Visitor: 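One structure, as structure tokens, below. Some questions next.
Chain identifiers are assigned alphabetically (A, B, ...) following the order of the sequence lines, protein sequences preceding nucleic acid strands; residue numbering begins at 1 within each chain. Please read all numbers here as calculations on a predicted model, not as lab measurements.
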Amino acid sequence: MPRRLALGAGLVAVLTYVMASPAAAQELPEGAASQVILDNIWVLIATVLVFFMQAGFALVEAGLTRAKSVGNIMMKNLMDCMAGVLAFLFVGYSIGFGAEALGGFFSWDGFGVPGIDDVAAAPAALNLSPATFFFFQAAFAATAATIVSGAMAERTKFKSYFIYSLVITSLIYPVILSWTWGGGWLSQLDIPFSDFAGSTIVHATGGWAAMMGAIILGPRIGKYGPDGRPRVIQGHSIVLVVLGALILFIGWFGFNPGSELAADALVPQLAVKTLVAGCAGAVIAMLVNWALDRKPDVSMAANGLLAGLVSVTAPVGAIETWAAVVIGAVGGALVVLSVRFFDRRGVDDPVGAISVHGVCGTWGTLSIAFFATFDDAFLGREDAGLLYGGGIGQLSTQALFILVHFVFVTVTTGLLFLAIKKTVGLRVSEEEELAGLDVMEHGAPGYSTEQGQGTGLLPSAGVPVVERV
Amino acid sequence: MPRRLALGAGLVAVLTYVMASPAAAQELPEGAASQVILDNIWVLIATVLVFFMQAGFALVEAGLTRAKSVGNIMMKNLMDCMAGVLAFLFVGYSIGFGAEALGGFFSWDGFGVPGIDDVAAAPAALNLSPATFFFFQAAFAATAATIVSGAMAERTKFKSYFIYSLVITSLIYPVILSWTWGGGWLSQLDIPFSDFAGSTIVHATGGWAAMMGAIILGPRIGKYGPDGRPRVIQGHSIVLVVLGALILFIGWFGFNPGSELAADALVPQLAVKTLVAGCAGAVIAMLVNWALDRKPDVSMAANGLLAGLVSVTAPVGAIETWAAVVIGAVGGALVVLSVRFFDRRGVDDPVGAISVHGVCGTWGTLSIAFFATFDDAFLGREDAGLLYGGGIGQLSTQALFILVHFVFVTVTTGLLFLAIKKTVGLRVSEEEELAGLDVMEHGAPGYSTEQGQGTGLLPSAGVPVVERV
Amino acid sequence: MPRRLALGAGLVAVLTYVMASPAAAQELPEGAASQVILDNIWVLIATVLVFFMQAGFALVEAGLTRAKSVGNIMMKNLMDCMAGVLAFLFVGYSIGFGAEALGGFFSWDGFGVPGIDDVAAAPAALNLSPATFFFFQAAFAATAATIVSGAMAERTKFKSYFIYSLVITSLIYPVILSWTWGGGWLSQLDIPFSDFAGSTIVHATGGWAAMMGAIILGPRIGKYGPDGRPRVIQGHSIVLVVLGALILFIGWFGFNPGSELAADALVPQLAVKTLVAGCAGAVIAMLVNWALDRKPDVSMAANGLLAGLVSVTAPVGAIETWAAVVIGAVGGALVVLSVRFFDRRGVDDPVGAISVHGVCGTWGTLSIAFFATFDDAFLGREDAGLLYGGGIGQLSTQALFILVHFVFVTVTTGLLFLAIKKTVGLRVSEEEELAGLDVMEHGAPGYSTEQGQGTGLLPSAGVPVVERV
Amino acid sequence: MQLITAVIKPHALDAVKDALKAIGVSGLTVSEVRGFGRQGGHTETYRGTEYTIDFVPKAKVEVLVDGMDADKVVDTIASAAQSGKIGDGKIWVTEVGRAVRIRTGEQGSDAI
Amino acid sequence: MQLITAVIKPHALDAVKDALKAIGVSGLTVSEVRGFGRQGGHTETYRGTEYTIDFVPKAKVEVLVDGMDADKVVDTIASAAQSGKIGDGKIWVTEVGRAVRIRTGEQGSDAI
Amino acid sequence: MQLITAVIKPHALDAVKDALKAIGVSGLTVSEVRGFGRQGGHTETYRGTEYTIDFVPKAKVEVLVDGMDADKVVDTIASAAQSGKIGDGKIWVTEVGRAVRIRTGEQGSDAI
Ligand SMILES: Nc1ncnc2c1ncn2[C@@H]1O[C@H](COP(=O)(O)OP(=O)(O)O)[C@@H](O)[C@H]1O
Ligand SMILES: Nc1ncnc2c1ncn2[C@@H]1O[C@H](COP(=O)(O)OP(=O)(O)O)[C@@H](O)[C@H]1O
Ligand SMILES: Nc1ncnc2c1ncn2[C@@H]1O[C@H](COP(=O)(O)OP(=O)(O)O)[C@@H](O)[C@H]1O
């Protein structure tokens with residue numbers, strides 16, 4: 001039974017691609033649906049759920065930041081998907097999934113996606129047509145890109161963010177792809193890396209990029225007191241936060257089960273494990289936060305849900321249900337502690353992106369070394385986890401994978417943000433930041449409760465319109 | 001053609017579970033998709049739609065209550081799903097679908113879900129793997145639980161609500177399951193009960209629990225004048241109400257058609273009947289409300305949509321399209337009258353949960369006795385409805401079913417809420433209620449329009465921050 | 001491989017409908033899923049995505065208009081779907097897809113949908129059962145209807161809008177259907193019209209109806225200065241706009257790929273082309289707007305996304321991926337220019353519906369004449385586009401199609417709006433418009449931040465409650 | 001002519017309005033404000049960081065009176081708004097030189 | 001120095017601001033308020049229960065003047081805000097003892 | 001007794017409150033307002049149409065003082081709110097005849 005896109009040399013014998021082949025098609029009795037069609041349709045539906053996550057990210061980030069920059073954060077989320085997909089179509093896909101190039105440092109197949117318009121093209125993966133496979137991978141690329149906007153919210157120039165999002169989807173994320181799911185060196189180790197649906201490949205890429213962005217930008221004005229102690233800047237709408245988290249929850253049922261890249265019996269397993277890990281993350285984050293702060297913070301519970309989901313994304317194919325609960329629960333506890341840690345270290349991440357995607361993504365990837373018992377295509381064997389007697393081999397590989405990824409992402413995105421800072425500039429002026437980015441960067445406030453005759457005389461009660469300081 | 005999960009002893013001969021059996025799998029020609037896979041994938045997708053309903057409920061409830069407790073209502077909706085799924089995983093599922101125990105009062109199979117991690121396990125229902133079946137049933141359990149929060153909004157302690165939601169998903173709802181879909185005594189009557197997708201089993205469980213909660217809590221401060229007449233407490237956002245209702249509408253296309261538990265030719269029938277009943281409910285509720293109050297109330301139209309959907313949930317498998325329109329329309333009229341009835345009787349249900357889920361759920365379950373013509377697995381015969389000459393046998397069973405369910409739910413949830421009241425307390429203090437639950441229960445206002453430097457100096461314009469009375 | 005619903009006399013030999021035929025069913029090996037089932041399930045899921053677009057339209061329109069009429073706009077969006085579906089069920093479907101009547105001017109089969117309750121009925125299209133086909137077409141009818149509310153926002157009587165929406169879904173849109181997808185004269189031309197998923201049939205119908213509505217209504221009070229120059233009336237929430245646009249984006253993956261009306265290898269192609277056209281539309285609209293106005297307007301970027309999606313809806317089955325990017329990009333540029341054009345011509349369309357759906361729908365339909373290379377069922381040949389040497393035949397047909405459609409829609413909706421104006425009246429009073437439609441038309445403000453004891457004393461801070469002028 | 005300004009608890013507004021109506025006050029103007037005073041200052045935690053809520057929501061009522069005894073209005077507000085708990089608010093009175101009803105141009109006491 | 005306070009209909013704000021600008025007023029401060037007065041009181045129904053809307057939205061305009069004739073300002077506002085329909089609002093004038101421009105510390109008429 | 005009204009930049013509110021607290025002011029009332037003044041007037045474009053933003057957000061602070069030197073309060077606000085950039089705002093002082101603490105009914109300086 002096919003699990004995940006098999007990678008590297010000779011890992012998998014691709015099933016005969018009957019879909020467009022008249023001869024093969026005749027082998028199917030009249031009226032029998034082909035597995036190929038079903039695989040493609042299922043992955044397509046899963047991808048739609050993954051694209052829906054864009055709305056989830058946008059809402060969580062908007063809700064956790066201030067009303068005066070809400071248009072800006074929505075725009076960034078919109079555009080890193082829109083521009084990111086085009087960048088991935090023209091350049092990134094080829095780097096991620098092309099033939100080996102540059103001595104294996106990354107892949108290259110020329111611009112664009114080979115066979116994308118050809119309904120009879122050889123499958124790009126398992127039974128998936130090039131179009132389906134691109135569709136799915138583009139949604140993942142957009143996810144990796146969009147994580148960063150939250151951590152850099154309320155102070156980043158739109159133009160600079162736009163440049164960043166083009167570079168990450170056309171270059172940085174694709175190189176990571178080429179090393180891993182693209183079949184590159186990390187998948188060719190004796191004990192290959194394992195990351196079923198991208199705790200590290202997708203989420204930690206976004207998470208560590210977010211960390212570099214937040215550090216290089218510096219905190220929002222007023223976030224730290226003169227004594228350096230963190231101050232509270234409340235998000236403007238908990239409704240948006242929870243709605244966004246629930247949309248992400250839904251989307252994750254495309255993200256993880258869809259990563260099977262086939263419609264098979266493992267898919268429901270993946271859904272259940274995704275579900276229970278998310279639930280455990282939310283409940284434990286709430287309880288830990290309750291214990292620490294005497295009250296259950298709503299936004300931390302939402303972060304906990306996402307933490308559980310990110311954590312289980314890597315191990316989801318290899319673990320039992322009880323382990324999914326444990327992994328999600330640890331993710332939920334971690335995110336509460338990690339948000340405090342970064343907040344107190346002077347890293348101003350209004351939405352907790354570094355903690356949710358970077359820290360929990362890393363935890364999830366590491367957790368495979370302990371809890372893996374089922375074979376998914378990346379592991380190539382059963383009982384790889386320490387708890388099942390798999391030895392420390394997988395732990396070493398996972399650690400290496402995490403480390404290499406961390407160094408690569410922090411260095412490349414660090415250089416990218418510094419380069420942007422030196423050239424077009426990364427941060428808006430103090431005046432703009434105080435007034436909010438909406439009017440200054442986009443020409444209109446995000447909210448308006450103007451009652452007049454359309455002349456803008458009493459706009460945006462309670463929402464700052466720009467102020468010339 | 002398989003309709004709904006066949007229940008009780010010997011009701012169904014489960015199809016051979018070919019999915020994971022190498023021998024059986026070879027019978028399928030290379031490349032033909034198996035019906036087993038398709039069934040599991042379809043039910044999985046339907047389940048995702050059902051989980052999306054959590055967002056719908058959260059938004060409808062948030063929109064129909066005040067801004068000062070909006071974080072609290074979002075948190076309750078988040079947590080009854082998150083904690084509810086875990087409670088159902090560890091305890092509730094076994095009570096609902098285990099082997100008969102305790103002389104048939106409920107079922108029990110030990111903690112957890114047998115076979116959940118086994119891709120080759122015997123199917124839990126029809127072709128559905130234990131993982132798929134649990135995934136689907138967990139979404140239903142979360143739905144039953146979440147209905148209550150709206151009726152108890154703006155005055156219930158979070159901790160107490162959390163306890164309630166654990167008990168309903170681990171014990172109360174599962175016992176009802178064990179009597180009905182789990183194959184217990186209500187399914188073993190000469191003329192067995194019929195409730196295709198849960199008008200009573202799911203919705204009225206939530207609805208009657210909501211009623212008990214609202215009665216035991218008492219109305220919100222200010223809801224009734226000194227003369228005992230109801231006063232208006234407006235919901236704070238009609239956008240959230242309508243968006244939530246539309247999300248629920250979408251989710252219902254998973255709820256009802258997914259309850260077929262198979263990908264077969266009946267599924268589109270279920271979708272169409274769900275659609276037209278919801279539409280009729282919305283239109284008729286609007287018209288009735290328009291006639292009574294001289295203006296079409298937006299929130300009542302949204303309630304009408306939900307009323308139509310709840311009403312058709314039980315009969316959806318057994319009726320013709322015209323009957324779906326009638327059943328939905330009656331539901332739409334009922335909800336308008338019922339909301340008035342409870343409001344004037346001193347039961348403060350800000351969102352109309354009792355009327356939508358309790359009253360219309362009951363109507364829908366009863367409507368089978370009149371309109372059933374197709375056989376679904378619960379009915380076991382065609383033309384069971386009075387209008388088709390089916391006699392009053394089904395009516396008696398449906399009435400018994402409704403009554404037993406009503407008594408069981410009101411007694412158990414009544415005792416539960418009273419027990420909570422005596423111990424940890426059910427209701428927040430008057431001070432907290434006046435100030436809103438967000439700050440006092442969760443530490444932060446749900447909305448903030450703070451413009452300052454992050455020091456919380458001008459937070460939440462127009463949204464009450466806590467007040468020390 | 002089946003593409004789109006084949007139309008007209010003898011265009012297609014419908015596949016044997018095995019689903020409900022015992023004999024045929026036995027031809028499938030035990031456990032093999034039938035293509036018929038898969039086709040129906042896939043189209044059903046796609047339809048759910050299309051229904052979700054109702055929420056997207058509601059949010060975009062609510063966000064781009066003022067808070068004081070937000071309940072009204074949500075109600076209109078809710079009701080044109082709810083009432084529209086019923087009107088289409090009882091009358092419209094038969095006009096659109098019945099047997100030829102009235103000398104071919106439109107179709108008629110009696111009221112209702114033949115075979116809708118029959119699981120074994122002959123398929124309505126390809127493999128689709130009458131229920132599935134109705135479900136899909138009803139979602140399309142609701143889409144055509146809902147486009148208009150945005151252009152007529154903030155000044156149209158609810159009752160009048162309700163009448164309009166009944167007429168368009170029961171008569172006007174169905175007649176267009178009967179001429180096109182219903183197999184009527186436009187599909188029987190020597191070179192038949194081509195519109196894969198409805199750039200013209202669905203979107204431009206809504207768009208041109210919106211134009212007539214906006215013109216006949218006249219602009220909102222205060223929209224134009226005494227000098228006739230347009231003034232700005234800002235939408236009240238950019239969060240709703242972008243969330244709505246992202247929901248529409250998601251829904252379009254049902255709209256276009258679902259229009260294949262089958263689960264086949266073309267479906268992923270349709271998804272990819274939809275995706276890249278939408279992305280190109282958003283990016284180019286942003287850039288063009290940036291160049292013209294010195295700042296990237298968020299709401300225009302969202303409009304650009306929709307413009308790209310509408311543009312590609314007609315050609316999506318016939319073009320290569322690069323062409324989808326170009327067509328979407330042109331749509332994105334067009335929408336920016338068109339919004340300006342109408343705004344300066346005195347047509348007050350607060351949401352840009354005319355530009356997005358009318359103008360870009362027309363562009364998309366025309367683009368087939370240039371870019372078509374693949375055969376979809378409407379075209380009946382490969383390389384029909386000018387760029388592929390297809391000659392100007394298709395261009396003539398497309399131009400004729402666009403023209404006939406434009407004249408028919410503008411004349412019928414124009415007469416309809418004028419008739420409503422003369423009878424029940426189309427526009428609210430000046431007093432109502434200034435106060436906002438929510439309280440006057442529906443009895444309650446859309447937003448309320450009342451803090452009191454439920455007595456409505458301090459309702460709706462920042463949101464106008466009705467004012468008796 | 002005098003302007004009476006009262007800062008009260010939001011949920012007392014209902015009672016204050018009714019009481020003023022009862023003694024014949026024909027109009028008033030209300031706004032949402034935030035108060036800082038003896039009542040204030042409790043500490044909460046948001047995402048792990050403590051903060052102090054200094055400002056509490058209040059309603060500000062302004063009543064222009066003439067002819068009528070301003071003291072009576074003050075006393076009426078005071079007794080309607082009084083809960084006896086900290087934070088009930090303040091009332092103050094300022095002298096007004098001229099008043100106009102915009103609709104008619106009426107001046108002075110006719111304007112009210 | 002005098003403070004002129006006007007409670008007007010929200011959509012008259014535009015005209016008032018322009019009229020004041022035209023006579024040389026260099027600044028003003030506006031807030032959203034709710035008014036209760038002769039205009040008020042209509043009954044609506046929400047989810048089956050009647051309620052009365054007593055308060056209508058108004059804009060409050062405050063203008064500090066010195067040197068300039070306060071009466072001229074009052075009259076300008078009155079004529080710009082007048083629709084002749086009930087609810088047009090009120091204007092009143094209070095005496096101000098001292099005024100400061102924060103930026104410069106300028107006092108009195110220089111502050112305005 | 002005097003009422004000191006200050007219209008300041010929103011983000012100066014923090015500093016003003018702390019400064020007033022430091023000199024012993026025990027209470028104040030704040031509201032959100034929009035200011036039109038020398039600072040104002042920049043042009044933006046929304047969906048292709050130009051518009052002018054005339055009004056900028058400000059916070060209005062009202063402090064009732066008695067016994068204490070009103071001038072000291074004025075000066076404290078002025079120095080705490082001063083950034084030296086245009087739009088820092090205004091302070092003005094009006095005479096108050098009577099003040100009441102609602103909770104206790106205390107009058108005059110006891111009320112504050
Ligand atoms: N000196 C003052 N100037 C202006 N407003 C004040 C002053 N002191 C108090 N207030 C207002 O009165 C409200 C209540 O005052 P507080 O000191 O909390 O309680 P109490 O009214 O019981 O004395 C405050 O929230 C504030 O809005
Ligand atoms: N006595 C008053 N004190 C303060 N504000 C008042 C008073 N009377 C009226 N107002 C304000 O003036 C507005 C208009 O008054 P109203 O009596 O409705 O109509 P008109 O201005 O035509 O007399 C009210 O909504 C209220 O805001
Ligand atoms: N004459 C006035 N009456 C009332 N408020 C005024 C007046 N002039 C200015 N203001 C308020 O003071 C604020 C700042 O004034 P402005 O002229 O912009 O700058 P500055 O305070 O530096 O002179 C304005 O936004 C407005 O709220």
Side-chain angles (χ1 to χ4, degrees), chain D residues 1-10 12-13 15-16 19 29-41 51-62 65 69-97, chain F residues 1-8 10-34 57-67 70 73 76-77 80 92-112:
Chain D
M1 227 166 335
Q2 281 153 314
L3 176 71
I4 294 139
T5 304
V7 176
I8 61 173
K9 290 188 174 167
L13 179 58
V16 166
T29 299
V30 186
S31 47
E32 285 185 44
V33 297
R34 304 262 141 186
F36 168 77
R38 283 179 184 76
Q39 180 192 349
Y51 71 106
T52 304
I53 296 182
D54 280 330
F55 288 86
V56 291
K58 301 281 174 194
K60 182 165 105 177
V61 180
E62 287 169 298
V65 291
D69 188 3
D71 287 342
K72 193 172 161 197
V73 171
V74 170
D75 295 345
T76 304
I77 296 177
S79 67
Q82 192 177 23
S83 74
K85 297 197 194 129
I86 196 162
D88 273 349
K90 316 278 179 203
I91 310 174
W92 63 81
V93 183
T94 46
E95 204 56 42
V96 167
Chain F
M1 230 166 333
Q2 281 154 313
L3 177 70
I4 295 139
T5 303
V7 176
I8 60 173
H11 51 265
L13 180 58
D14 196 6
V16 167
K17 186 206 63 176
D18 289 342
L20 287 176
K21 224 166 146 182
I23 62 161
V25 168
S26 63
L28 50 86
T29 300
V30 186
S31 47
E32 286 186 42
V33 298
R34 304 262 140 188
K58 299 282 172 193
K60 182 165 105 178
V61 180
E62 287 169 296
V63 194
L64 202 60
V65 291
D66 190 40
V73 171
T76 304
I77 296 177
W92 62 83
V93 183
T94 47
E95 204 55 43
V96 167
R98 190 187 162 191
V100 179
R101 181 196 309 278
I102 295 174
R103 171 164 48 101
T104 57
E106 285 161 292
Q107 306 273 335
S109 70
D110 293 337
I112 303 166

Visitor: Considering non-hydrogen atoms only, spot the tightest contact between F/I102 and D/Q82 and give its length.
Guide: O-NE2, 3.3 Å

Visitor: Specify the closest pair of heavy atoms between D/A6 and D/I77, including all atoms of both residues, with the distance to one decimal.
Guide: CB-CG2, 3.8 Å

Visitor: Between F/R98 and D/D69, is there a side-chain N and carboxylate O pair less than 4.0 Å apart?
Guide: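 Salt bridge flag = no for D/D69 with F/R98.
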
Visitor: Is it the side chain or the backbone of F/L64 that comes within 4.5 Å of chain D heavy atoms, both, or neither?
Guide: side chain

Visitor: Are the side chains of F/E62 and F/I4 in touch, meaning some heavy atoms are under 4.5 Å apart?
Guide: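 No, too far: nothing below the 4.5 Å cut-off.
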
Visitor: Supply the atom-to-atom distance D/W92 CH2 to F/E95 CD, rounded to the nearest 0.5 angstrom.
Guide: 14.5 Å

Visitor: Looking at chain F, which one of D/I91, D/T94, D/D71 has the largest number of heavy-atom pairs inside 4.5 Å, strictly under?
Guide: D/I91

Visitor: So which residue, F/L28, F/L3, F/T29, F/V25, ends up with the most heavy-atom pairs under 4.5 Å with chain D?
Guide: F/L28

Visitor: Looking only at non-hydrogen atoms, find the nearest pair between D/K58 and D/V7 and report the distance.
Guide: CB-CG1, 3.7 Å

Visitor: Is any NZ, NE, NH1 or NH2 atom of the basic residue among D/R34 and F/E32 found under 4.0 Å from an Asp or Glu carboxylate oxygen of the other?
Guide: no

Visitor: Heavy atom to heavy atom, less than 4.5 Å: which residues from residues 103-112 of chain F reach chain D?
Guide: F/R103, F/T104, F/A111, F/I112

